[in-house]
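Data block below; observations after.
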Number of protein chains: 2
Amino acid sequence: MGLAKTEIFSDQQNEIAIFAKAFGHPARVAILQHLFKINTCVCGDLVNEIGLAQPTISQHLKELKLLGLIKGSVEGTSVCYCINTEKWLEMKEILNQFLNQDISKQGDCC
Amino acid sequence: MGLAKTEIFSDQQNEIAIFAKAFGHPARVAILQHLFKINTCVCGDLVNEIGLAQPTISQHLKELKLLGLIKGSVEGTSVCYCINTEKWLEMKEILNQFLNQDISKQGDCC
DNA sequence: TTTGTATATCGCAATATTACGATGAATATT
DNA sequence: AATATTCATCGTAATATTGCGATATACAAA
């Protein structure tokens with residue numbers, strides 16, 4: 001069926017999964033890392049930077065924008081993207097809560 | 001083509017993506033959360049706990065085990081699973097490095 | 001107004017993922 | 001030994017994702 005049964009999981013579980021999927025592809029990891037590195041809007045050089053075709057990059061940007069992790073604004077003929085810091089922090093909070101679960105209580109039974 | 005071009009990305013970028021994909025599905029999030037909650041091996045009740053068919057759970061467990069995030073051992077007629085704490089910490093390290101990038105320098109330009 | 005440049009969208013092909021019924025393998029129980 | 005229980009694997013169907021050529025759109029420059 002290929003269709004994830006999201007309805008049987010909690011909102012929190014689905015949210016974790018959705019955010020995780022956002023950087024579950026190296027191209028999106030690379031895009032986000034580049035935006036962080038540049039420290040400002042990136043207007044245009046992402047295609048050269050990443051090494052995928054322009055429509056492919058555009059599609060990955062669309063996904064990240066749809067999730068809210070990046071913001072984009074038209075700047076003349078090019079479009080500028082940058083990290084949406086508020087959403088990033090929100091995501092960090094949610095994922096850290098999951099990643100930082102108390103592991104000390106785990107018995108090494110297997 | 002549906003085939004991620006992993007070869008054009010760094011090992012680090014691919015590693016982040018692979019770990020992120022591991023909990024890019026709510027069922028795997030639920031499984032991992034349950035293992036954490038129980039604090040010990042889980043022998044058998046995962047199917048009832050999660051609410052997916054037994055082969056589906058088995059498949060998700062296989063993926064998590066392949067990645068090394070969980071360990072499993074045969075215990076009579078049932079199989080017991082638990083968190084692989086070493087691998088979990090390794091993953092946490094890698095993902096935290098990505099999530100905790102310095103966001104303070106990001107200009108709100110878009 | 002035409003031309004160039006940059007990005008988005010469409011359409012398609014290929015691979016990946018998700019889900020589960022049917023079946024198999026292993027062990028425990030009777 | 002026969003049966004029951006538990007989990008893994010196989011096979012298959014459906015949907016999702018990835019990638020890109022072709023094309024559309026929007027603006028700038030000439």
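A, B, ... follow the sequence lines: proteins, then strands. Residue 1 opens every chain.
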Q.
Tell me the interatomic distance from N14(B), atom CG, to dT18(D), atom P, rounded to whole angstroms.
A. 13 Å
Q: Rounded off to whole Å, could you give me the CD-to-C1' distance for the Q59(A) and dC10(C) pair?
A: 11 Å
Q: For the residue pair F23(B) and I31(B), establish whether any side-chain heavy-atom pair is separated by less than 4.5 Å.
A: no
Q) R28(A) side chain to K21(A) main-chain N or O, any donor-acceptor pair under 3.5 Å? A) yes
**Q.** H60(A) backbone acceptor or donor facing E63(A) side chain under 3.5 Å
**A.** no
**Q.** Which nucleotide in dT9(C), dA19(C), dT17(D) has an atom nearest any side-chain atom of K21(A)
**A.** dT17(D)
Q: Output yes when a side-chain donor or acceptor of N84(B) lies under 3.5 Å from a complementary backbone atom of K71(B), and no otherwise.
A: no
Q) Could you give the CD-to-C1' distance, from E7(B) to dT15(C), as a whole number of Å? A) 14 Å
(Q) With a 3.5 Å distance limit and no angle check, can you tell me whether Q101(A) reaches the backbone of F98(A) through a side-chain donor-acceptor pair? (A) yes
Q | Rounded distance in Å - CG (L66(B)) to P (dA16(C)) | A | 15 Å
Q) If you find the nucleotide of DNA chain C closest to K5(A) and the one closest to K62(A), which residue's nucleotide is nearer the 5' end? A) K62(A)
Q: Could you state the atom-to-atom distance from CG of L64(B) to P of dC7(D) in whole Å?
A: 16 Å
Identify each atom pair where a protein N or O and an N or O of nucleotides 2-8 of chain C are less than 3.5 Å apart, giving names and distance.
| from | atom 1 | to | atom 2 | distance (Å) |
| --- | --- | --- | --- | --- |
| dA6(C) | O4' | T77(A) | OG1 | 3.0 |
| dT7(C) | OP1 | G44(A) | N | 3.2 |
| dA8(C) | OP1 | Y81(A) | OH | 2.4 |
| dA8(C) | OP2 | S58(A) | OG | 2.9 |
| dA8(C) | N7 | Q54(A) | NE2 | 2.6 |
| dA8(C) | N6 | Q54(A) | OE1 | 3.1 |

**Q.** Donor-acceptor under 3.5 Å (Q13(B) side chain, S10(B) main chain)
**A.** yes
Q) In whole angstrom, what separates N48(B)'s CG from dC7(D)'s P? A) 10 Å
**Q.** Whole-Å distance separating the CG atom of L52(B) from the P atom of dA8(D)
**A.** 15 Å
(Q) Can you see if the side chain of H25(B) gets near the phosphate of dA19(C) - specifically, an N or O under 4.0 Å from OP1 or OP2? (A) yes
**Q.** Nucleotide dT17(D), atom C1' - distance to CD1 of I18(B) in whole Å
**A.** 16 Å
Q.
Does a side-chain N or O of T56(B) approach OP1 or OP2 of dC20(C) to a distance below 4.0 Å, or not?
A. yes
Q. Hey, does the side chain of H60(A) come within less than 4.0 Å of dG19(D)'s phosphate (OP1/OP2), counting only N and O?
A. yes
Q: Assert yes or no for the condition that the ring centre distance of F36(B) to W88(B) is strictly below 6.0 Å.
A: yes
